[in-house]
Amino acid sequence: MNVAEKKARVIEPDSLIGKRIPKMDAPEKASGRTRYIHDINLSGQLYGKILRSARIHALIKSIDVSAARALPGVHVVITAADIPDQRPIGVAKDHFPLKVGRVRSQRDEIAAVAAESEEIAEAALKLIKVEYEDLPVISNPEDAIKPGAALIHPEPHGADGSHLHLKQGMSIAHKGKPDNIAMRFDYVHGDVVQGEAESDVVVEDTFKLHYVTHCCMGVSGMIAEFDASGNVLMYSNTQVPFLHKREFAEYLNIDPARIRIIQPPIGGGFGSKLDIYPFEVICLYLARAAKRPVKMLFTREEEFLASPTRQPVLLTLRSGCKKDGTLTFRQVHTLHDNGAYTSWGATTPFVMMQTFSSLYRVPHCDYHTAAVYTNNPYAGSFRGYGNLQATFAIEQHMDMLAEKIGMDPLEFRLKNAQDAGEVTGQGMSFKSCGFKDCITTAAKRSDYARKARENAANRDKPGNIKRGIGMASMLHVGGGAKIYPSDGCGTILKMDDFANVTLITGASEIGQGSETVLSQLVCEELGLPISAVTVVNNDTAITPWDVGVHASRTTFIAGNSAIGAAKKAKSKILAVAAKKYGTAEDELDLRGGFVIQAASGEVVVELSKLLRNLHFQDKAELVMTTFYYEPPSVHQDKGFKGDVSAAYAWGSQVVEVEVDTDTGIVRMTKVTGAHDVGRVLNRLGIEGQIEGGVVMGQGYALTEDLLIQNGVMKNPNFRDYKLVTAPEIPEMDIAFIESMDGEGPQGAKGVGEAPSICIAAATANAIANATGVRMFELPFTPEKVYRALHGQTPKLYWKPWKAE
Amino acid sequence: MTELKHYFAPTSLDQAVECLKDGDVTILAGGTDLTPQSQAGRVKIKHTLMNIRHIPQLTGITLEGREIHIGALATITEIMEHPLVRQHLPVLVEACDHFASDQIRNAGTIGGNICNASPAGDTLIPLLVLDASVELASMPEAKLYRHTMPLSTFFVGPGKTRKSLCELVTGVRIPLPEQGHVARFFKLGTRPALDISTISIGVAGTLRDGVLSNARVAFGAVAPTPTRAAQTEQALEGQRLDAATIEKVAAIARDEVKPIDDVRATAWYRKEMIHNITKRILSHVAQA
């Protein structure tokens, strides 16, 4: 042994944070090897299909399933009559999976079949005879709130026509409702009367937000199986497995412990899989009755017809400011078209009121929503959760107010934008806040001020192409949202004899890249390469509890949880090493797969060797840790006030368009975004997240439009429901503002929903900049824009409605 | 559901038209329309499904005398890339370039696009203004019988043509454009790819010394069939394309079409677009 060899090896410091790390599931997905629910087949499996209503609103007079039951290959045919223990589902418990006596929308489930093939199941559906008695269709929420309007969920009457006096506490599905109001939200801070009195300028407009839907590339599906002991195994695409485990148990009237949910790789969620839908419960009924596994997969048409939509909203906003540019008040009334049943769409006011109350400093705010039953499709949760709708109105008014007082719109925004340390009227506390940086960065990188000025000057020059630029900003939860009793996530971490890590997390992967980010955070603590990690995240029998993938929370909450477990593992390893090598724990660190001297980087021992020594000794031990992270946020009080998130994300986006005045076609040419994300963890992942969100926002602004006429969906297909395609995607320039959130994992904040929120609002402002015409109704399809440019659009006005 | 009992993949034209004799046959070529339509239940697959893709007589793009012959099985991609088409019929290339997506263009055939007879069919408008004829084959007796029909008389309604159940479209014939021929196509939709036209317009004619003769104008998605616009053509014939003429012709075009409201647009917007785009195209032609 010579002297040179004796010299200790030194490991240079390195970090995974901010690097461009390919998603761990990308090779499988890109090569077509990922096994989605479509690819999973259990032996003995039957195929389930649902008969949906042929009417929009009708009484079911009779259902004859005898011919369907007699078809060879059919195992089970069920209707509501076959499931006496059906329990109502949904956010307001206002419908049964299989409809009882009445259908209220096009999607309504009347009967279901389990058969040996999809073809036989389809053929059996055609043999089911249903007699209906039509009822008047209410397709407009404004009609639904008129006095004397027909009721969607009428209270049941006795045979003699008398009111049945039903027990308090019964669900809407049982006891009905005396009106069509599904939910009400009323919020106030300050005094808008005073706010208006202090205003020099007031604007009021009505905005109309349309139906769009998620269009997940992987259609909805489920496989349900009951074992011989009555335990349930479900392969489900849910985003919230632990909440649904409890809920499914309620619908099946069994102990939640008997339900196990496995999530196959999910082909897109975006919020659509946050609620339980009738098909899932029906699939369980079929499996229970057939005593065989039952697989149910939607067709694309069914995916359109029977999936939730984004919440359509009619909204009247009144806002004011002083001559010096200080915002004075916002008063908001919205009418939410709830559809026939209640899902999460009805609760979008939780997010909308945060934006109205707290995006910019608003001294006085008054907010009211009525979600109203109609015979239309029902809305669920969708990336942004009401924030696209609220921001669309607010950010147009920001431009309009600035114009009225003759102030530069950028200056006007900066004057009212918050700084770190401020607490809003709704009680949201901005511990980290890069709002102003977002505005100035997006404006500077896009050359907003110069272009806005030039475009406005060029508006009346000859030529059919008009250029426009518009800005909008957003505020969204970025550190979870305390809605359920816990907003936490659990992690189990184990290390093997070769210093590989298995990260068992409650957080589901739905394509957003959580596996990769969580692995990165763990490796950063343990000084290991990403390749050392295996993630287990899809089985309620294995993974610890998590509230689910929603509210842009996974990186923040599950990230902190994973870091917690990794820190415990690290501290155990360092304690063992310190003892073994006779040094202090705080003089050691983990780096590059080694235990090193923290100060010099000199190798003390290879980590895998240390772990083997720990394992194969008299007092054998393994490194296995657990951690549960609960964010330091609070529930809202009865007035919807409180600091519900541990951190808040900010973003500003500038959209540039070309408007063809001959055709009304709006081409989105460039999007410049600046996002306060706390800190960039996986640069490649976050760029993808933002780019995807921008395109989703672009579809919402320009092309996507689920057409509902008299309760009937007119375009349940990709031919006429127009997603954005590759050639239309604009150039993007994305900048990140790193405000280093004190509570965030490595300083990061959630950003999942943020990038789609501003696009429609910024596009409206860009069209106004290009043409001088304000558009208050989405989407900006060529015909709608052309009509507006040619004075063919009557001014939209909805008189604020507030039931006493 | 389907009544499908037989699948037949003939390797010659004689076999194919003989099979068509009993009339209870669904013809499969590219399948890009048939597959979604049959799955959605809009088209019922008949007793026999005949796959015509193995018939050599239906392929190829050739110059035959003063005509370009395009076999029914030529895919949209083949047409778009073929040197003869690129040299003589650039307006058809332009339409093919706006046809659906790469994947569909690789599978979809011109014979299929013609027989599908969509009022919005992308190749139909340029073919109409190029005076194309449809070539049909049948076997009334024991012998192959072939004839042609002007494309302008071929369509009778959405999805309906004058082709009888016993006939097979074998190709299209397009006269070689003469000196000074100009042709333009414009497809208006909400997005540049994978879109069904809101309206489409084709204009062609011979431009000599600023005067347009042999004027041809065709409109898509404004009537039950892709259609030639007789009044607009008449208003254009022999005219010098100055601003006043262009405005007059565009107004006549707007009044001539009788579109409907549907999920893609209202009749009002379609008429406006016929006016604006006709004007735009004629201004381009005037500068040619």
Side-chain angles (χ1 to χ4, degrees), chain A residues 118-120 122-127 299-302 304 463-465 660-668 695 698-699 701-709 712-729 779-790 792-793, chain B residues 1-2 4 32-33 35-42 97-98 100-104 116 118 120 186-201 221 243 246-247 250 254 259 261-284:
Chain A
E118 278 189 279
E119 291 72 19
I120 295 171
E122 287 280 3
L125 291 185
K126 291 201 170 71
L127 296 174
T299 61
R300 179 56 66 185
E301 188 183 31
E302 211 171 10
F304 274 104
N464 56 305
I465 300 293
D660 182 341
T661 55
D662 280 352
T663 61
I665 290 176
V666 176
R667 204 162 76 80
M668 196 176 284
V695 175
Q698 183 186 7
L702 296 182
T703 63
E704 294 182 46
D705 193 4
L706 203 56
L707 299 164
I708 316 290
Q709 286 171 11
V712 179
M713 196 177 287
K714 305 305 276 185
N715 56 343
N717 57 65
F718 282 136
R719 186 188 63 190
D720 291 320
Y721 182 93
K722 297 190 189 296
L723 285 175
V724 169
T725 57
E728 300 147 86
I729 295 176
F780 304 137
T781 53
E783 176 160 358
K784 214 176 272 166
V785 174
Y786 186 82
R787 279 183 182 274
L789 295 179
H790 290 78
Q792 296 283 318
T793 308
Chain B
M1 293 305 276
T2 165
L4 177 59
T32 55
D33 281 313
T35 309
Q37 285 173 5
S38 59
Q39 276 177 4
R42 287 195 298 277
D97 194 33
H98 287 94
S101 64
D102 279 333
Q103 294 90 329
I104 295 172
N116 190 48
S118 163
F186 190 91
K187 173 178 174 175
L188 183 80
T190 52
R191 60 187 179 197
L194 274 170
D195 208 359
I196 311 287
S197 308
T198 304
I199 58 133
S200 58
I201 301 184
I246 289 173
E247 182 53 54
R254 169 167 50 199
D261 293 347
D262 66 15
V263 294
R264 290 185 263 281
T266 63
W268 176 82
Y269 179 71
R270 288 194 158 102
K271 286 170 90 75
E272 287 288 296
M273 290 307 102
I274 289 289
H275 173 270
N276 294 355
I277 304 299
T278 299
K279 201 171 147 182
R280 186 183 287 185
I281 289 184
L282 291 176
S283 306
H284 285 175

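Residue numbers start from 1 in every chain, and the chains themselves are labelled A, B, ... in the order their sequence lines are given, proteins ahead of strands.
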Q: Start with the C-alpha distance between Ile665(A) and Arg191(B), add both sets of side-chain angles, then the distance that settles side-chain contact (heavy atoms from CB on, under 4.5 Å), and finish with yes or no.
A: CA-CA 9 Å; Ile665(A) 290 176; Arg191(B) 60 187 179 197; over 6 Å; no
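Side-chain atoms of Tyr269(B) never come within 3.5 Å of backbone atoms of Arg787(A) as a donor-acceptor pair (strictly under, hydrogens ignored). Checked by atom type and distance alone, the side chain of Asp662(A) never pairs as donor or acceptor with a backbone atom of Asn276(B) at under 3.5 Å. Between the Glu783(A) side chain and the Thr266(B) main chain, a donor and an acceptor come within less than 3.5 Å of each other.
Both the backbone and the side chain of Thr663(A) come within less than 4.5 Å of a heavy atom in chain B. With a 4.5 Å cut-off on non-hydrogen atoms, Arg270(B) does not touch chain A at all. Only the side chain of Asn464(A) comes within contact range of chain B, judged by heavy atoms closer than 4.5 Å. Contacts between Gln792(A) and chain B at a heavy-atom distance below 4.5 Å involve the side chain alone, from C-beta outward.
Here the closest non-hydrogen pair linking Thr190(B) and Glu728(A) is O-OE1, 4.2 Å.
For the set Pro36(B), Pro192(B), Ala40(B), Ser101(B), the count of heavy-atom pairs under 4.5 angstrom toward chain A peaks at Pro192(B).
Partner of Arg719(A) under the side chain to side chain contact (heavy atoms under 4.5 Å, CB included) criterion, chosen from Leu194(B), Ile196(B), Asp195(B): Ile196(B).
Contact annotation: the side chain of Arg264(B) never approaches that of Asn715(A) to less than 4.5 Å [non-hydrogen atoms, C-beta and beyond].
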